[in-house]
Amino acid sequence: MINFQLNNTSVQVDIDPDTPLLWVVRDHFKLKGSKFGCGMGLCGACTMHVNGEAVRTCTLPIAAVQGAAIISIEGLGTPDNLHPLQQAWVEHSVPQCGYCQSGQLMSASALLQKNPNPTDDDIDVAMNGNICRCGTYSKIKSAIKSGAEVMRTQESIVETFDPASGKSIVKEASS
Amino acid sequence: MKTASITRRLFLLSTGAAATGLIVGCSSAATKSKGYSSIAGAFEPNSFIQITPDNQVIFYLPSSEMGQGILDGLTTLIAEELRVDPTAIDVRHASLHSDYKNPELRFQGTGGSNATRTQFLPLRQAAADTAAAIRNAAAKQLNQPAHKLLLADGHVTAEGRRYAFGEFVALAALMPMPENSPLRGPAQFDQIGRERPRLDALAKSTGIAVFGIDAEVENLYRAVVVRSPVLGAPLKRFDATAALKQPGVVDVVEIRTGVAIVAQSYWQARKAASALELDWEKTELASWSSDSIYQKFTQTLNDSSQKGLKCCDEGEGDKLLNQAQHVVSADYYAPYLAHATMEPLNCTVAVDGDNCAVYLGTQYVEASAGAVVYYGDFDADKVKVHPAFLGGGFGRRGLGDDVAEAVVIAKKTGRNIQLVWSREDDMSNDFYRPAALVRMQAGVSEQGLIETWAVRRVGPNVLDHILDQWVDVLAPDYLNKGFVDWLSKLGRPLFKRFIADPSSADGIFSDYDMPNKAVRHVAQDPGLRTGLWRSVGHSSNAFFKESFIDELAQRAGIDELQFRLANMKNNPRLTEATELVAAKAGWGKALPGGHFHGLATHSSFGSAVAQIAEVSVEGTKIVVHKVTAAIHCGLVVNPGIVRDAVEGGIIFGLTAALHGEITLVDGVIQQSNFHSYPMLRMADAPKVEVHIVESQEHPEGVGEPGLPPLAPAVANAVFKASGQRLRDLPLRLT
């Protein structure tokens, strides 16, 4: 039995220990926002936060997340309560096919947690693991910058989500 | 942000299509069948629009949204004429119905960058007639003259009072349906031409947009298929003993393309796949490697006894070639390419007695439905296709091979299954962009005008493989299957011996004033299946044509921009785009040290595109700093989406120009995942600037035309930076 936090809720799962986290989140918890792209950690479509780090979950065995805090795209924000980066993504009209964008957003939000004012080079390095076949890179970069600017001027928001529905349970502001 | 309406719309977009958007034949005796299931009390004037009494406006999107922005574009057309805010429209993917046929393809599908062009008037007419019906009903119900009513924002205003459209739908449904209602003119447009974030941006920025791979049905098992390492080789024998003992595995079945493993989870199925023991028959493709293919193409190119099929003959053909002041000849090569959509192919099938429901992202809804009928032996009226968003299409998704596997697995196991291809499956079982070797020859006058244009092209075709795929699944189901299969195989001999596959020569002799032309194609096919890759023939032919045009200009000693303009006097659209890009990029002006400009111009899918690439060379590394583009695509529905599509084509084209190459050794594809078939990443993406030529002409394609000029623009700049004329793709300096 593996216990971990999924979008700030304690969950447990009894599953083959080498099953990648991606498939546990998608097919066991039915959170479909994180995508399968390559299965080798090469494209970033499956990116989630593991203890605050952007991690390729298509190659991360579930056994390795025992006790970890996992945030998927469903935990980043919702249509009714967007993360500033998601707001920027919409305003910049970033997505084309959209398949890679959950992973792009998770890599970008992990970057901004550590570096609230990244340079172009910082962004290039942090986003290097995420492929976009439609070619939205320039818009991603612009959206990261404007999302970062918004975040620097507002307090951070912590939210708790029900992993099954993706709905917000508790909302509280922290300093 | 109007959260409530957006959330409602998103809900429908993400889940509603699966719940409601699918019917086959709900017609009553009195009304023609519509493409959607009826909603009680709703006004249902045609297969595109439904308006409910509570003022919900639903639009059934007849084209597949694969990133190109057609959801946004076509919804804008509806919004414009119906007088509704586009963000308030519930958009649903249309399921299979004859009303959704692509007017050019003649079947329901999305390709050829033609959706805006072909739907620009019909969809607006459908919306304008619907608005007129609401107006007439409101006039009668409110006892007001129709011309005194104002329609805007989903409401009718009469004598200062606002009434929601929904208040009039009951009466509108009973009144005669207006036809040929006048359309709004460009001066009145308040939606068409307006720039705003695309309508699907929110769903795609929050993880709630539903792609095919996200489908869930009850009692769903997961399936993977192990296929031959040499594409298409039949199975000789297999031993599933070990695989069947793996955890979670419930079935192992043989299908046409290999062996399917069905398990409770994807990971269990994927792991068990490696426990299968398989032997494959040897096929002709196994005797080919990339080196031998290239040698064979070269031999054929030089073998003048193989005349090839005529693609174009004009004027004196190539008879006067050697009389020109400047005669230039050069050979060019483009490799096979894979599509590598971000979402690997997948298909979910639910069987309930005689009924079969399939869930997938597909460009070709009709081919997907046909594949269920043909391969699964279901009656056509028992098949329901639930279309989803596509995680990239580029010509790959929905050819029927995904459905063919999935439906047979479901049928043989009696289970609901989701088939998921791995990235490796996807890359080694594609319908590849065909390789081609060409000899370009031209005669140029002393004044720098092209007199003769002669091309000899060697390589596989596209259409024979696609026809083999499509005739099977699109043929009427009353035809005998053996006959249909025989018919589907006719493409190869047809396009080898009798007529040239038009897609092979697409764009290789166009755009310029060339009084004498002779274009020949020798079909030579090692048997690797080929298909429709973003911009199809233009993807390689623009590279051949536009690199060669630079060679001609340089031989004649004329500036490459002036040479082009002088030779495209009969091509006003391309001229406008070319002049615009030259002005915007500063052609001929000083650049930072070591940076060079390369120009390429090409028309495809009705639009003209010119691009200037700014490039430097560091050792053998090609660095593309900036690409400036101009497009003439007629009237623009959403300028942001036009720019995105062109930029997308440039990035897609640059991945191909710098990295793209599918190679074979003994018939086995050597590329398997993104380490061996790399994609451009953010740090290597150039700055892109897209300019749009102002125009009121009928809208043309934008999904594909941005791609073809990219490779030659870069190659032309590389020549200036390095002195090396790179005539093979991908571009590699030595």
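Numbers restart at 1 for each chain; the letters A, B, ... are given by sequence-line order, proteins then strands.
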Given that the side chain runs from C-beta out, which part of B:Val420 has a heavy atom under 4.5 Å from chain A: side chain, backbone, both or neither?
side chain
Quick check on the interface: out of A:Ser34, A:Gly39, A:Gly98, who has the most heavy-atom pairs with chain B under 4.5 Å?
A:Gly98
Does CD in B:Glu195 sit with more than 12 non-hydrogen atoms of other residues, nucleotides or ligands closer than 6.0 Å?
yes
Would you mind checking which part of B:Ile213 comes under 4.5 Å of any heavy atom in chain A, side chain (CB onward), backbone (N, CA, C, O), both or neither?
both
For the side chain of A:Gln86 and the backbone of B:Leu202, is there at least one donor-acceptor N/O pair under 3.5 Å apart?
no
Salt bridge flag under 4.0 Å for residues B:Glu343 and A:Lys35
no
Side chain, backbone, both or neither: which part of A:Trp23 has a heavy atom under 4.5 Å from chain B?
side chain
Proximal component of B:Gln418, with respect to chain A [non-hydrogen, under 4.5 Å]
neither
Using a 4.5 angstrom heavy-atom cutoff, name the option from B:Arg270, B:Arg534, B:His339 with the most pairs to chain A.
B:His339
Quick one: does B:Asp644's side chain get under 4.5 Å of A:Thr136's, heavy atoms only?
no
Do A:Ser138 and B:Lys687 touch side chain to side chain, with heavy atoms closer than 4.5 Å?
no
Minimum heavy-atom separation for B:Gly207 to A:Ser102, with atom names?
CA-OG, 3.7 Å
Apply the side-chain contact (heavy atoms from CB on, under 4.5 Å) test between A:Tyr137 and each candidate in B:Val688, B:Ile651, B:Asp684; give the one that qualifies.
B:Ile651
Report yes if some heavy atom in the side chain of B:Phe389 is under 4.5 Å from a heavy atom in the side chain of A:Cys97; otherwise report no.
no
Return yes if some donor-acceptor pair links the side-chain N/O of B:Arg681 with the main-chain N/O of A:Ile131 below 3.5 Å, else return no.
no
Below 4.5 Å, heavy-atom pairs only: which of A:Ile73, A:Ile15, A:Asp27 has the largest tally toward chain B?
A:Asp27
Looking at every non-hydrogen atom in both residues, tell me the closest pair between B:Phe674 and A:Gly37 and how far apart they are.
CE1-O, 4.2 Å
Over all heavy atoms of both residues, which pair between B:Ala201 and A:Ser93 is shortest? Give the atoms and the distance, please.
CB-CA, 4.5 Å
Show your reasoning for whether side chain to side chain contact (heavy atoms under 4.5 Å, CB included) applies to B:Asn673 and A:Leu42.
CA-CA 8 Å; B:Asn673 207 315; A:Leu42 297 171; 3.6 Å; yes
By a 4.5 Å heavy-atom criterion (distance strictly below it), what part of B:Lys271 contacts chain A: side chain, backbone, both, or neither?
side chain
Region of A:Lys139 that comes under 4.5 Å of a non-hydrogen atom in chain B:
side chain
State, yes or no, whether a side-chain contact exists between B:Trp267 and A:Asp18 at a heavy-atom distance under 4.5 Å.
yes
How long is the span from the CD atom in A:Gln101 to the CE atom in B:Met342, to the nearest 0.5 Å?
9.5 Å
Given heavy-atom pairs under 4.5 angstrom as the criterion, report whether the side chain, backbone, both or neither of B:Arg222 touches chain A.
side chain
B:Phe652 six-ring face occupied by A:Arg133 cation (under 6.0 Å, within 45°):
yes
Once you round to the nearest 0.5 Å, how far does SG of A:Cys100 lie from CE of B:Met679?
12.5 Å
Can you check side chain to side chain contact (heavy atoms under 4.5 Å, CB included) on A:Thr19 and B:Ser265, steps first, answer last?
CA-CA 9 Å; A:Thr19 308; B:Ser265 77; 5.6 Å; no
Worked check of side chain to side chain contact (heavy atoms under 4.5 Å, CB included) between A:Tyr99 and B:Thr341
CA-CA 9 Å; A:Tyr99 195 77; B:Thr341 58; over 6 Å; no
Heavy-atom cut-off 4.5 Å, strictly under: side chain, backbone, both or neither for B:Gln68 against chain A?
neither
Heavy-atom pairs under 4.5 Å with chain B - which of A:Cys134, A:Cys132, A:Ser72 has more of them than the others?
A:Cys134
Would you say the side chain of B:Ser205 lies within less than 4.5 Å of the side chain of A:Val94, judging by non-hydrogen atoms?
no
Is it the side chain or the backbone of B:Met66 that comes within 4.5 Å of chain A heavy atoms, both, or neither?
backbone
Under the side chain to side chain contact (heavy atoms under 4.5 Å, CB included) rule, what do B:Met682 and A:Asn128 come out as? Steps first, then yes or no, please.
CA-CA 6 Å; B:Met682 184 183 279; A:Asn128 190 51; over 6 Å; no
For B:Arg198 and A:Gln96 the tightest heavy-atom approach is NH2-O, 3.3 Å
Is it true that A:Lys32 and B:Glu216 have a side-chain N and a carboxylate O under 4.0 angstrom from each other?
yes
Could you tell me which non-hydrogen atom of A:Pro79 sits nearest to which non-hydrogen atom of B:Ile208, and how far apart they are?
CG-CD1, 3.7 Å
Lys/Arg N to Asp/Glu carboxylate O, A:Arg26 vs B:Asp214, below 4.0 Å
yes
